[in-house]
Amino acid sequence: MSWSLRLGKILGIEFRIHVTFLLLLFFIYASAYSQKGSAYAVRAVLFISAVFACVLIHELGHSLIARRFGKEAKSITLLPIGGVATMEEMPEKPAQEIAMSAIGPLINLAIAGILYLLVGQWSGVSAPNLYPESAQAFFAGLIGVNVMLAVFNLLPAFPMDGGRVLRGILALKMDYAKATSAAVSIGQALSMLFILYGIFFNWWLAVIGLFLHMGAGSEKQQVMLRSVLHRVPATEAMATDFRALRPDESLSRALEHVYHGCQEDFPVVTDKGIQGILTRTGVLSAIHQKGTTLPVSEVMDRNFISVDPHIPLDQIYQQLLSGHKTAAAVVDRGRLKGMLCLEGISRYFMIQAALKGWGAKSS
Ligand SMILES: [Zn+2]
């Protein structure tokens, strides 16, 4: 995630903090300080830090369970709106998804329970107060926060954990795409209730509803994409009618091909096979800086993605997105067979979705 600082590793998982989170801490400190001075401000920052420590443990729970199922947990990032655990891929077996999703809210309930046993009888439970006046108010508020986090995360709507638990339960009975579709509909109905109720009674609920509504839509899109693409090999959607360049050709030669065709990414080949990919963004920034006389070999991306013909499209799509690339070369035993670009894969998906009657929106 851009704009985030790496703080280190916890149990082998990278831990990052988004700069906006630090801004939030600073803002809370400054506003508390201006109201009642520094001791008050320090308490406010401690309270928020304690809340986010609970969020961090929640996310660690997701990551560790995912790791148990063999899915690599990459990082956890703290944002002002909560934590995000990034993993290589999500478990698709329903029981695994249920376990992995439910653990987060369960951890918050456990924290609330433990804190209650330790200090609850003495301090009680209360609605969280950002500026706790006393140690009692601090712990009572922290218990309250954890209960709220558990309830909020268990809402049966994407992207909340509850949405995934619901999908997992439905997927025990039906196929994954159908279960997603049903879970999305339930989540969206719930989010509409939030929005309607919120407009009249509480704006925050309306904002949460809107957030849930958008989350549901994007989850559906992703799952549909995966369910269509994960059995389709690269050869099915690759371009076979393309132009290739030689490393010693000039950029102006490449530009001619851009002008007279629709191709944007060019494989650069010699008799030894493909040496790189010349991308549109590469060409544009090179001619902006150095003109059009440079040879292609100086501008091409040598660190390009090369895939076997039988690799499924969803994997290639993910690889392109996470590597910030626009095109991959399909290579069979050292020989260039075709080119695959992001637009090509999206186009393939839209056509297949239309054939299935999903009426998928382009994204
Ligand atoms: Zn969670």
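Every value quoted in this text rests on a predicted model; they were computed, and no experiment measured them. Note: hydrogens, waters and symmetry copies are ignored here, and every other heavy atom, side chains too, is used. FYI, the numbering just counts along the sequence from 1. Every number for a ligand or one of its atoms is a count from 1 in the order of the listing.
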Which pairs of donor and acceptor atoms, one on a side chain in residues 42-59, lie under 3.5 Å apart (sequence neighbours left out)?
{"unit_1": "R43", "atom_1": "NE", "unit_2": "P132", "atom_2": "O", "d": "2.8"}
{"unit_1": "R43", "atom_1": "NH2", "unit_2": "E133", "atom_2": "O", "d": "3.4"}
{"unit_1": "S49", "atom_1": "OG", "unit_2": "V45", "atom_2": "O", "d": "2.7"}
{"unit_1": "H58", "atom_1": "ND1", "unit_2": "G104", "atom_2": "O", "d": "3.2"}
{"unit_1": "H58", "atom_1": "ND1", "unit_2": "N108", "atom_2": "OD1", "d": "2.7"}
{"unit_1": "H58", "atom_1": "NE2", "unit_2": "H62", "atom_2": "NE2", "d": "3.0"}
{"unit_1": "H58", "atom_1": "NE2", "unit_2": "D161", "atom_2": "OD2", "d": "3.1"}
{"unit_1": "E59", "atom_1": "OE1", "unit_2": "A85", "atom_2": "N", "d": "3.4"}

- Going by heavy atoms in the side chains, are L149 and I111 under 4.5 Å from each other? no

- For R6, look at atom CZ and say whether over 12 heavy atoms of other residues, nucleotides or ligands are found less than 6.0 Å away. yes

- Message: Counting only heavy atoms from other residues, nucleotides and ligands, does the tally under 6.0 Å from CZ of R280 exceed 12?
- Response: no

- Measure the shortest side-chain to side-chain distance between V283 and V258 over non-hydrogen atoms and say whether it is less than 4.5 angstrom. no

- Query: With distance as the sole test, does Q275 use its side chain to make a donor-acceptor pair with the main-chain N or O of G273 at under 3.5 Å?
  - Reply: yes

- Using 2.8 Å as the cut-off, note every protein N, O or S atom close to the Zn ion (ligand 1). H58 NE2, H62 NE2, D161 OD1, D161 OD2

